[in-house]
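Comments concern the structure below.
Remember, it's a predicted structure, so these values are computed and weren't measured experimentally. In listed order, ligands and their atoms are each counted from 1.
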Amino acid sequence: MKIITILGARPQFIKASVVSHAITQTTSLQEIVVHTGQHFDDNMSDVFFTELGMTKPDYFLGIHGGNHGAMTGRMLEAVEQVLLYEKPDVVLVYGDTNSTLAGALAAAKLHIPVAHVEAGLRSFNMAMPEEINRILTDRISRWLFTPTQSAADHLKREGFAPASIIPVGDVMYDVALHHGARVQSNVRLLEQLGLDAGNYVLTTIHRAENTDDSERLDAIVLALIATAKTLPVVWPLHPRTRAVLKQSGRLDALSRVVHLIEPVGYLDMVQLEKFAALIATDSGGVQKEAFFHQVPCVTLRDETEWTELIEAGWNRLAPPVDAASLQSAITAALGSRGNDVKPYGTGDAAGQIVTWLRKGMGV
Ligand code: UDP
């Protein structure tokens, strides 16, 4: 039985690493990996294949840049060609990017069943491109692998057939367990940056709602500059964020007070996360990794899909409306801890997904 995995963005390489590994352990399944090209730099793409032990993609479509419609349309056309040629039994997609939607749509139009990993997440904010992608992908998927109870509840409320909703837990928890342990006491990167374990703030920003809104981005930048007066701040810059900061002339001022670095590989990122005093982010994955490594988190957004961490006290929302409130949210969260909860399954989501796919395909 042939599975085609469609991926293209950094978090998808990380999520797919554990599922692809589980597929290779199953002799009755063959996986073909299609990389759309949405993220293509070495440090946004190749490093994850190398570090997480994944085989190179079978197809690289080289599609990136442009407006959402153009990018998704080009992906749709190119993925369709691959599907027509390969004739897979199932198409596997991850998360909520344009690559997710294009892969799912190309498959559904060819009547190939779609399996969606990380189904059912909702921000209830239709201004987010991710929300549009995930709602549409869920709608045309046959198997909806949900990471949390709330994701399964959303799908039930939206009227999906109970049999199509499959709670497996979060594959990112699998990854954190598999690969996180490789970063025990290796603090090479901290040494290079001159940071002391437990004594810095790690930040990541990449969501369009923050990068494409100059008032929100200003609030974030000013809050981080203020924070850096008392605690070092390290910021691996997403290429989109770097471009916006550069274009608006903010990059130089920021680089004088904040450790601005290039995006790092997964193992370096885990190292930065594990030893941070606090993480301030708009990333979905990083919010959960903060919790996996028991580090307090401030989410620089108006809402989050990972509400269980807010309820448990590990995370709090700080909408980037003004610098002062952001800075006080960061200060207030320092040193805090949440409740002892386990909302993301047992760390075997990948194995469960493969078992379900085999069952679904009758092998
Ligand atoms: N990440 C990384 N290097 C970085 C920044 C993030 O390896 O410089 C990892 C991070 O540890 C997490 C994933 O990328 O596993 C999150 O991806 P991103 O924030 O791009 O997307 P999101 O999770 O918001 O969809």
Side-chain angles (χ1 to χ4, degrees), residues 7-19 38-52 54 64 93-101 116-119 121-123 125 128-134 137 147-148 151 170-180 182-183 189 193 202-211 233-242 258-276 279-293 295 297 299-301 303-306 309 315 344 349:
L7 34 70
R10 172 169 67 189
Q12 293 167 332
F13 311 137
I14 296 169
K15 291 166 197 167
S17 67
V18 280
V19 181
Q38 191 171 343
H39 286 165
F40 54 92
D41 295 334
D42 282 356
N43 58 10
M44 292 294 288
S45 174
D46 292 9
V47 64
F48 299 101
F49 286 85
T50 317
E51 274 190 348
L52 305 179
M54 297 166 76
H64 49 82
V93 294
Y94 291 84
D96 52 26
T97 70
N98 291 341
S99 303
T100 315
L101 178 60
H116 185 199
V117 177
E118 218 179 55
L121 291 184
R122 298 289 182 264
S123 65
N125 175 359
M128 287 177 72
E130 295 90 343
E131 183 78 350
I132 299 166
N133 289 340
R134 58 171 84 102
T137 301
T148 57
D170 191 341
V171 286
M172 294 216 55
Y173 184 40
D174 294 25
V175 185
L177 292 179
H178 272 70
H179 297 285
R182 292 165 64 193
V183 187
L189 184 58
L193 293 168
L202 169 67
T203 192
T204 76
I205 301 295
H206 72 86
R207 297 223 170 270
E209 70 213 50
N210 287 333
T211 59
V233 175
V234 57
W235 184 352
L237 273 179
H238 189 283
R240 170 158 22 119
T241 316
R242 179 177 286 279
V258 169
H259 294 273
L260 296 181
I261 59 175
E262 290 298 316
V264 293
Y266 181 78
L267 298 178
D268 278 345
M269 188 62 183
V270 171
Q271 186 190 126
L272 290 174
E273 289 170 343
K274 242 180 172 167
F275 297 104
I279 297 177
T281 187
D282 64 7
S283 157
V286 175
Q287 285 173 57
K288 283 175 295 164
E289 286 165 350
F291 163 69
F292 298 150
H293 305 300
V295 173
C297 183
T299 293
L300 306 172
R301 288 182 50 194
E303 71 282 304
T304 176
E305 299 77 15
W306 307 101
L309 294 180
N315 191 6
Y344 299 115

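- Atom OG of residue Ser283 and atom CH2 of residue Trp306 lie 10.0 Å apart, to the nearest 0.5 angstrom.
- Checked for salt-bridge contact, Arg122 and Glu305 miss the test: no charged N lies under 4.0 Å from a carboxylate O.
- Taking the side-chain hydrogen bond (donor to acceptor under 3.5 Å, both in side chains) definition, one finds that Asn315 meets it with Gln287, Thr299, sequence neighbours left out.
- For ligand 1, the 4.0 Å heavy-atom shell takes in Arg10, Pro11, Ile14, Phe48, Met172, His206, Arg207, Pro236, Pro263, Val264, Gly265, Tyr266, Met269, Glu273, Ser283, Gly284, Gly285, Val286, Glu289, ordered by chain and residue number.
- Taking all atoms of both residues into account, the shortest heavy-atom contact from Phe292 to Ala176 is CD1-CB, 3.6 Å.
- Residues satisfying the side-chain hydrogen bond (donor to acceptor under 3.5 Å, both in side chains) test with Glu51, not counting sequence neighbours, are none.
- Scored by the side-chain contact (heavy atoms from CB on, under 4.5 Å) test, Glu303 finds Ser123, Asn125, Met128, Glu209, Arg301 as partners (sequence neighbours excluded).
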